[in-house]
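Count residues from 1 along the sequence.
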Amino acid sequence: WILNMSSNLSQFIKILKKELMESQIIRTGSFEVIDPRDRLLNKSEICIKPMNTKEISIILKFANKFMVPIIPLGGSTGLVGGQIASQNNQVTLSLEKLNDIKFFNKSNLLKVQSGAILSNVKNIALNHGRHFPLALASEGSCQIGGNLATNAGGLNVIKYGNIRDLCLGLEAVLPSGKILSSMKSLKKNNMGFDLKNLFIGSEGTLGIITSAILKTFPIPKDPISVFFSVNNLEDVLFIFKKIYNDFQERILAFELIKITAIDFINDLGFIIDNPFTKKTNWMILMEIDVNIGSISLKEILEKSLYDLILKDRILEVFFANSISQRNKFWNIRELIPAANREKGSICSNDISVPLEKIPEFIIKLDQTLLSFSKDILINCFGHVGDGNLHYNIFPLSENVRMELEKKRIDIINIINDLVAKYSGSISAEHGIGRLKKNELHKIEDSGKLHMMKLIKSVIDPKNILNPGVLF
């Protein structure tokens, strides 16, 4: 099958067959790379599965020599197409075999290879009485390398930050094959440029992340989940400010849920236990770490929420008084992405705006889109505590889907233009990938884009790493 390739690609594969085991170089049909939203089709015909950092170094050295484009692959859960090869001369490099996880008892740190699955990392921390707080819907299949490459966020950013804030050290392989190691477990390290944070969020365009040192935290002791409904979005902001003033970093999650999400879940036959009896558009699912040693802040929380009911800011409120009830509450939140996928969005938007602008922004965007088309249904949910909204557009009925698909680009432009007006971001946590690069170049600061291109051109002058992503 080598005969069917370009000469550069065939030479590259011939050399690698001497350096690696033949079973590490596989053809299309034996591997699968998917776009979870089915917008892009992977065209790579070859996948290489290195066992360690040294092998990645060898692969990149020869890829650079023969100018063979390399597409890094983690768990294939990325939502912006960063893992999808756009041409058949591009070679997929899977990190799945680099899956070692070590926990160090003295420092409570994890040393993790990039192919380690997030849920496995979390479980190993848990087995040692610690908490690794990155919480994502895809944690059963996504890999730490992809999480780092996209600077993943998730449910608990409000307390713990993005994965950038959870990472102390990093190892990566440059396009030349040179290994860069910054695997120091230091909170303070001002020895030159902060290269670790340059690679985190670079989406596989500057180097392939191979290992990281990650922080763990004490496991929150019996945190309280509270599910409440509100009359409007202004009340959401008022309540958040009040709760944040009282509890600050003890807030683990503050999730916005729209009635549309509940309707989707019910329509698709998912079994949920919805506690609310009064009809309203908006709900909040909140979790707070109320225990500090032997001291409990539960009574203070109850009083705060009772005061908010008296002020007509909260409509109904439910405390999870058991693990079972907590799981029922969170099951509703966790089913939203699955329900959205089954419904099939016209476009899904991972955006962020300044916290204080969220009510005004959602109302304005809803009005603008519904005046553009009466056939639109909006399901907006997200991590209110950090300003991140998942603003998803669906057809009002299947009859109008084809017509709305024709207007998809116009809809995306309306959303992104308003995000830009509010000094927001068109990618809060999913990355830019292939799907959003045109929008990035349209609305991002020209000085920043210039610097990004300069950095890329110096580190990867032959553009072999993830071409078509970001640039």
Go through the side-chain N and O atoms of [X] and [Y] and say whether any donor and acceptor fall under 3.5 Å apart.
{"X": "Gln24", "Y": "Glu55", "result": "yes"}
{"X": "Asp35", "Y": "Asn42", "result": "no"}
{"X": "Arg250", "Y": "Asn291", "result": "no"}
{"X": "Ser202", "Y": "Thr205", "result": "no"}
{"X": "Asn388", "Y": "Asp350", "result": "yes"}
{"X": "Glu96", "Y": "Ser94", "result": "yes"}
{"X": "Gln90", "Y": "Ser44", "result": "no"}

* To do: Would you indicate whether Lys43, at its atom NZ, is surrounded by more than 12 heavy atoms from other residues, nucleotides or ligands within a distance under 6.0 Å?
  =>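 12 or below, so no.
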* NZ (Lys61) with more than 12 external heavy atoms under 6.0 Å ->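 No, because the 6.0 Å sphere around NZ of Lys61 holds 12 heavy atoms or fewer from other groups.
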Looking only at atom types and distance, does a side-chain atom of [X] sit under 3.5 Å from a main-chain N or O of [Y], one as donor and one as acceptor?
{"X": "Ser457", "Y": "Lys453", "answer": "yes"}
{"X": "Gln83", "Y": "Ile34", "answer": "yes"}
{"X": "Lys436", "Y": "Ile426", "answer": "yes"}
{"X": "Glu439", "Y": "Asn416", "answer": "no"}
{"X": "Lys258", "Y": "Asn281", "answer": "no"}
{"X": "Glu255", "Y": "Leu285", "answer": "no"}
{"X": "Arg434", "Y": "Ile84", "answer": "yes"}
{"X": "Arg37", "Y": "Gly344", "answer": "no"}
{"X": "Asn466", "Y": "Val469", "answer": "no"}
{"X": "Arg27", "Y": "Ile46", "answer": "no"}

Close side-chain approach of [X] to [Y], heavy-atom, < 4.5 Å:
{"X": "Ile378", "Y": "Ile393", "result": "yes"}
{"X": "Ile362", "Y": "Leu256", "result": "yes"}
{"X": "Ile336", "Y": "Asn379", "result": "yes"}
{"X": "Pro36", "Y": "Leu79", "result": "yes"}
{"X": "Glu45", "Y": "Gln87", "result": "no"}
{"X": "Met283", "Y": "Phe228", "result": "no"}
{"X": "Leu186", "Y": "Leu168", "result": "no"}
{"X": "Ser345", "Y": "Asn340", "result": "no"}

So, [X] versus [Y], ring centres under 6.0 angstrom or not?
{"X": "Phe361", "Y": "Tyr422", "answer": "yes"}
{"X": "Phe394", "Y": "Phe264", "answer": "yes"}
{"X": "Phe103", "Y": "His128", "answer": "yes"}

* Set of residues satisfying side-chain contact (heavy atoms from CB on, under 4.5 Å) with respect to Asn127, sequence neighbours excluded ->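 Scan of Asn127 (side-chain contact (heavy atoms from CB on, under 4.5 Å), adjacent residues dropped) gives none.
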* Looking at residues at least two apart in the chain, or sitting in another chain, which of them share a side-chain contact (heavy atoms from CB on, under 4.5 Å) with Ala152? ->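 Only Leu134, Leu136, Asn147, Thr150 meet the side-chain contact (heavy atoms from CB on, under 4.5 Å) criterion with Ala152.
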* Test ring pair (Phe, Tyr, Trp, His ring centres under 6.0 Å) applied to Phe227 and Phe329, step by step -> CA-CA 7 Å; Phe227 212 175; Phe329 287 174; 5.3 Å; yes
* side chain to side chain contact (heavy atoms under 4.5 Å, CB included) between Val91 and Ile48, intermediate numbers included -> CA-CA 7 Å; Val91 172; Ile48 306 173; 3.6 Å; yes
So does [X] pair up with [Y], basic N to acidic O under 4.0 Å?
{"X": "Lys456", "Y": "Asp460", "value": "yes"}
{"X": "Lys364", "Y": "Asp366", "value": "no"}
{"X": "Lys159", "Y": "Glu249", "value": "no"}

Taking all atoms of both residues into account, what is the closest heavy-atom pair of [X] and [Y], and its distance?
{"X": "Leu470", "Y": "His441", "value": "O-NE2, 2.7 Å"}
{"X": "Ser352", "Y": "Val419", "value": "O-CG1, 4.3 Å"}
{"X": "Ala428", "Y": "Asn162", "value": "O-ND2, 4.5 Å"}
{"X": "Ile70", "Y": "Pro467", "value": "O-CD, 4.3 Å"}
{"X": "Cys142", "Y": "Glu139", "value": "SG-CA, 3.7 Å"}
{"X": "Asn8", "Y": "Met67", "value": "ND2-CB, 4.4 Å"}

* To do: Dump the intermediate steps for side chain to side chain contact (heavy atoms under 4.5 Å, CB included) on Phe240 and Ile358, then the final yes or no.
  => CA-CA 12 Å; Phe240 177 76; Ile358 282 179; over 6 Å; no
* Asked: Atom NZ in Lys111, atom CZ in Phe104: separation rounded to 0.5 Å?
  ->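 Answer rounded to 0.5 Å: 6.0 Å.
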* Verify side chain to side chain contact (heavy atoms under 4.5 Å, CB included) between Ile412 and Ile415, making sure each step is shown before the conclusion. => CA-CA 5 Å; Ile412 290 170; Ile415 294 166; 5.7 Å; no
Which pairs with one or both residues in [range] pass salt bridge (charged side-chain N to carboxylate O under 4.0 Å, His left out), sequence neighbours excluded?
{"range": "residues 62-90", "value": "none"}
{"range": "residues 161-183", "value": "none"}
{"range": "residues 410-426", "value": "Asp417-Lys442"}

* Asked: Should Asn108 and Phe217 be marked as a side chain to side chain contact (heavy atoms under 4.5 Å, CB included) after you check the CA-CA gap, both sets of side-chain angles, and the distance that decides it?
  -> CA-CA 8 Å; Asn108 287 321; Phe217 297 82; over 6 Å; no
* Asked: Would Asn413 and Arg408 count as a side-chain hydrogen bond (donor to acceptor under 3.5 Å, both in side chains) if you check the C-alpha gap in whole Å, the side-chain angles of each, and the deciding distance to 0.1 Å?
  -> CA-CA 9 Å; Asn413 287 337; Arg408 184 172 181 270; over 6 Å; no
* To do: Begin with the C-alpha distance, continue with both residues' side-chain angles, and end with the deciding distance and a verdict on salt bridge (charged side-chain N to carboxylate O under 4.0 Å, His left out) for Lys241 and Glu356.
  => CA-CA 9 Å; Lys241 286 180 175 176; Glu356 68 278 7; over 6 Å; no
* So which pairs with a foot in residues 25-45 pass ring pair (Phe, Tyr, Trp, His ring centres under 6.0 Å), sequence neighbours left out? ->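 Checked against ring pair (Phe, Tyr, Trp, His ring centres under 6.0 Å) - neighbours excluded - no pair reaches residues 25-45.
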* To do: Give me the ring orientation class for His390 and His383: parallel if the planes are under 30° apart, tilted from 30 to 60°, perpendicular past 60°.
  =>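 Perpendicular: the ring planes of His390 and His383 meet at over 60°.
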